[in-house]
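Below: one structure, written as structure tokens.
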Amino acid sequence: MAVVQGVLDERLTGYARESRNERLYRRMRFIRRFEETLLSLFDQGELNGTTHACIGQEADAVAVMEHLRDGDHVFSNHRCHGHYLAQSGDAVGLLAEIMGKDAGVCRGLGGSQHICAPGFKSNGVQGGIVPAAAGIALANQLSGSDAISVVFIGDGTLGEGAVYETLNIAALWRLPLLVVCEDNAWAQSTPVSANLAGSMRHRFEAFGIPVREIDSTDVLELDDAAAEEIQELRRTGGPRVLLIHTYRLCHHSKNDDDRPAAEVEARWLVEPLVVHGKRLTDTERQAIDDSVEAAISDVVTTAKGLA
Amino acid sequence: MAVVQGVLDERLTGYARESRNERLYRRMRFIRRFEETLLSLFDQGELNGTTHACIGQEADAVAVMEHLRDGDHVFSNHRCHGHYLAQSGDAVGLLAEIMGKDAGVCRGLGGSQHICAPGFKSNGVQGGIVPAAAGIALANQLSGSDAISVVFIGDGTLGEGAVYETLNIAALWRLPLLVVCEDNAWAQSTPVSANLAGSMRHRFEAFGIPVREIDSTDVLELDDAAAEEIQELRRTGGPRVLLIHTYRLCHHSKNDDDRPAAEVEARWLVEPLVVHGKRLTDTERQAIDDSVEAAISDVVTTAKGLA
Amino acid sequence: MIFAKELGATLRACLADDPRVVLLGEDIADPYGGAFKVTRGLSTDFPDRVRTTPISEGAIAGVSAGLALAGYRPIAEIMFGDFLTLTFDQVVNHITKYEAMYAGQAHCPVILRAPSGGHRGYGPTHSQSLEKHFLGVPHLRVVAASLVHDPRRIFAELLQQTSPALYVEHKLLYPENLTLAENGRIGGLLASEHSSPGALPSVFLSAVPRERCTVTVLAYGYQAALAARVVERLALEDEIFAELVVPSQLAPMDWDPVERSVSATGSLVTVEEGTAGWSWGTEAAAVISRRLFQRLRRPVEIVASDSDIVPSSKLKESSMLVGADRIDAAVRVAAA
Amino acid sequence: MIFAKELGATLRACLADDPRVVLLGEDIADPYGGAFKVTRGLSTDFPDRVRTTPISEGAIAGVSAGLALAGYRPIAEIMFGDFLTLTFDQVVNHITKYEAMYAGQAHCPVILRAPSGGHRGYGPTHSQSLEKHFLGVPHLRVVAASLVHDPRRIFAELLQQTSPALYVEHKLLYPENLTLAENGRIGGLLASEHSSPGALPSVFLSAVPRERCTVTVLAYGYQAALAARVVERLALEDEIFAELVVPSQLAPMDWDPVERSVSATGSLVTVEEGTAGWSWGTEAAAVISRRLFQRLRRPVEIVASDSDIVPSSKLKESSMLVGADRIDAAVRVAAA
Ligand SMILES: Cc1ncc(C[n+]2csc(CCOP(=O)(O)OP(=O)(O)O)c2C)c(N)n1
Ligand SMILES: Cc1ncc(C[n+]2csc(CCOP(=O)(O)OP(=O)(O)O)c2C)c(N)n1
Ligand SMILES: [Mg+2]
Ligand SMILES: [Mg+2]
């Protein structure tokens, strides 16, 4: 976790004293409950605009951010809440932003998809963030820093030409760029099979870029993979790719889900909180759930009270 | 050779009675002498604008066009003269076009890089012709024809995102598209090594597209490869890639060549006319050279006389 | 007569009537039927010719170009008009060039459809009206959906042409009712139509005959619907009489109906949701200031959104974008 | 004082003086030094910060965006201005959005340089002046090279700013001599300068003091050089006196110098090489028709190229593009 906006709430971001397993669970639970809360605020008509929740993919964000440092930079996309919360912990700033408030992290100008805070940016236009992340990596390389630049893209974004233009440049110039490709099996309403020919892995490897491919919703596995990749990136220069096969459990944005119910149900059985939650006792889990719940409720109250 | 513009001159396009070896030599010689003549017309100040000669790459164009039929379509790029001449034989139309005459194949509007004739088009903007060629392939698929669409690109054009967007769609939809990638080792002033990371071949294969890779300036080898690829494409649907490693012997456009002289010289020893010319007797070769020379001279006279 | 449904029915008729029509776009296939549901049902009935594409706006336009060059009639949806930026090279350097640079030997009648505009809180990259940047691209027709133009007629006309077109659809039109003229009226306003030969029609709307109007309002798309309400209200409440001109084609623009109206009223207000500066209204002001140099009573008023990002916050968005209030204020000034 | 050399020297000084400056572009490295040789020698002296890129205009702009967000000052060359189309998404949806949509928390001062324009027979895709499509993009500065503005001052000013800019360089300027004002003269014309606070300067050129001029000519880039010759000749040969205004910044535009000149002359001709319709001159006509509504003696003349492709044939090209003849004709009309 690189940088903190405003006051951090350890109930959401984790306590120094708790175990790694507790911490990771808490941090995922935080993102999950933040987004579920957001969706219900939308349903209650408290929010306008649109939003893309990452329910089911929380482990990716948490795993990667565990290994970032001050000076590193994350570029995210339309589905950026999890990335931002894992990076910054700034739930109030994000909620206020989505509420369109002046106290929001971008004064309500950016909204759900356009977030900026130290070490973090997002933009809702697919593809175009990838060269920008490479440019930040180039800046790091030029200034001789060992900071890295991380960019999150989805499977569907592999449709955009900007991605390939950037992979080529990043590989040619050995830029310290980590591309995290979250393959959640769908792009809006379109399954990967209708969007993508050939092999995701080979798309990157064709540029001579090493790919770490992992099919998992287990935050510990992801955490290990991210740790190794980021360490290698800092040690050897870049670029590298972390290709995560995961699943989006919620609709794409709001009320737009035509996927087979059975497919979605099956994935609820192996979602990150379930998978990792088993490593905690019921008591431990309950304690975290309760504290996150209380904190999220405070976040909502605080955000509602802001101008 | 698909379609003919105006009056064909068999001295340039070949005689029914001559051997395959003679025919292929003649057709390459035609392109070579056309372009050399063009360059000297530029030097004499008879032409304005710019031009990109394909000297050294004639075998690619000739080999591919041998296997096209009426209804097939070729999309070419800035370096299109060889492709156009091999496809149409229309030297007068092309020269008049480059001279900016009304009698030119595009009435002097298009010029060197923007040629259109039945079954043939070119555009000088890199990359963007590839989706257009795929669209033509889609049209063929929709109308149930077995015609194919061929697009020529250079190694440097693998920098453009549009190429990858199209490879994905063409592979997903199995479009009858043949991508001929002419790797001539340089893009303008930039060597492949500074332009391209990873593997050219894998760039295509990552999309599940079969690649026939051939490092040759021998028109017979290329002709065989093209024959097989085009036959397979018609038989199985597409897309397919013919990846040819070759060399550009002339400057990029005009008077802009900073490549190592020794590198260029070495390639003159294995250029298509030398390689294939050895298969003819001196007398045969001389006869063809003389008849091409006379024909090209007629082309120049005719074109100069046109409005 | 919900606009989104009418448009869907129009596309269905295009597919049914003309085997050359092909629809391409992201997520346009069933059951989803497009982000705004316009194409719902079409892929089920025309599976070969209604195709969900990967997320590749440039290639969507480029593949459409190839289809069109080969004699098909592609109609491509760009999910949000904001992403037309990614088609810009295809539009400017390919699609609109072919016919002219090939001396008429090829045609490239691509139609791009683009849900556009704001007022939905979608934020800076999903709310823009970028059509102004496509105005004045040689050989490109830019057309705007509105509630007073039947999309059937528009698409029939576009499919008659061999030139390419961009058709922008303001998102707020989708749930609205089409309001076509009946017996010379639309709602509380007199309605008539002008069609110059070869141009798409413009609709005139006013509470009273033109001769009694003291200002002309020129508006398209969703803003035309807003302007119609303003015109109606100003007539009723304040006896300020304006004639609203609603063109379907924005570029090249048929200025005749505008000139005719302003010749009578002596004053012009243009309205658009795009940002101010080098906008649609700019050209209108330039042309009309020239054509009616001595007859304009006062300078042309150009109403456009602030030259800024479209904010996500509802409040900030509605203060940045043109709304009825700005139109009202400008018409009052210009009617005087 | 050849312009291409001066520009190269300017970029060299930028690199030397400011370690944040990075040059990117296709084929810009030595020995080639760029398609128009502007960057020749720079990569030899600044190998890390002068980088030949792959043929990837979109990513060139995008990587520049990232560099700029990270505090660097990228100056990217787009080999032909025609290919700016491929940077349009980056410019519109990324580079110009960041600062505003992030509420000022980031800056993205990318500078794109684009050799532009025709008259060289390069044909429809290598001869365009596409800057008109970038005018009015919120938060984008569009600047044009000319022979009367020192590129050193322009780049010094741009590097002071935190906002992005597009700098268009007409290809025909490269081999010409810079002609900066000396002792209040440029060649046979009186020269003076106007700089509004925060704006780049405009230059006034005329054979006689403004008070004696009967028309204002507004032109930029290579067309400004053509216009200067016309102004000089008309004065000498026909005693038609015009004041030429040559801005360096096209958008947002500082209208004060234009207004000041037209207030005196009562008539305006705008000149640009881009195609007609929704062009730079359109906005000028709209603004000046408004600001000087009662003071304009006659409608504004907009001189622009035909709304068509730029033909390759020399003859056809020169009849399609604006040349001295069209400027001459328009100035004569407007001076009356
Ligand atoms: C350039 C562009 N095209 C289209 C969209 C609309 N859009 C938003 S999200 C999305 C699907 C993205 O799929 P994927 O990359 O797999 O990410 P996911 O939503 O699954 O996280 C689409 C098409 C967009 N935001 N940007
Ligand atoms: C979009 C675009 N960018 C840049 C150029 C300028 N340009 C013309 S040819 C060329 C090099 C092309 O290299 P390659 O693809 O290898 O083809 P080759 O010239 O070697 O045949 C460049 C950069 C262009 N025509 N189009
Ligand atoms: Mg996805
Ligand atoms: Mg090459």
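Reminder, nothing fancy here: chain letters follow the sequence lines and each chain counts from 1.
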So which part of [X] gets closer than 4.5 Å to some heavy atom of chain C, the side chain, the backbone, both or neither?
X: D:Ile288; value: neither
X: D:Val91; value: neither
X: D:Glu301; value: both
X: D:Ala251; value: both
X: D:Leu140; value: neither

With rounding to the nearest 0.5 Å, note down the distance linking [atom1] in [X] to [atom2] in [Y].
X: C:Glu283; Y: D:Ile302; atom1: CD; atom2: CD1; answer: 6.5 Å
X: C:Thr282; Y: D:Arg290; atom1: OG1; atom2: CZ; answer: 11.5 Å
X: D:His94; Y: C:Thr85; atom1: NE2; atom2: OG1; answer: 7.0 Å

When only pairs under 4.5 Å are counted, which of [options] shares the most heavy-atom pairs with chain C?
options: D:Ala285, D:Gly274, D:Pro124, D:Ser289; result: D:Pro124
options: D:Met253, D:Arg298, D:Glu57, D:Gln294; result: D:Arg298
options: D:Leu130, D:Thr125, D:Leu135, D:Val92; result: D:Leu135

Close approach to chain D in residues 303-323 of chain C, criterion heavy atom under 4.5 Å: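 The residues closer than 4.5 Å to chain D, in numerical order, are C:Ser307, C:Asp308, C:Ile309.
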Check for a donor-acceptor pair, side chain of C:Asn93 on one end and backbone N or O of D:Asp82 on the other, with a separation under 3.5 Å.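 Checking the backbone N and O of D:Asp82 against the side chain of C:Asn93, a donor-acceptor pair under 3.5 Å is found.
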Would you sort out whether C:Trp278 and D:Trp278 count as a side chain to side chain contact (heavy atoms under 4.5 Å, CB included), showing the intermediate values? CA-CA 6 Å; C:Trp278 290 276; D:Trp278 290 276; over 6 Å; no
Measure the acute angle between the ring planes of D:Phe88 and C:Phe88, then classify it against the limits of 30° and 60° as parallel, tilted or perpendicular.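 Answer is parallel, since the angle falls under 30°.
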Return the option, out of C:Leu86, C:Leu84, C:Val300, with the maximum number of heavy-atom pairs under 4.5 Å with chain D.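 Among the listed options, the one with the most contacts to chain D is C:Leu86.
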Under a 4.5 Å heavy-atom cutoff, which of C:Ala100, C:Gly123, C:Gly58, C:Gly281 has the most pairs with chain D?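 The candidate making the most pairs under 4.5 Å is C:Ala100.
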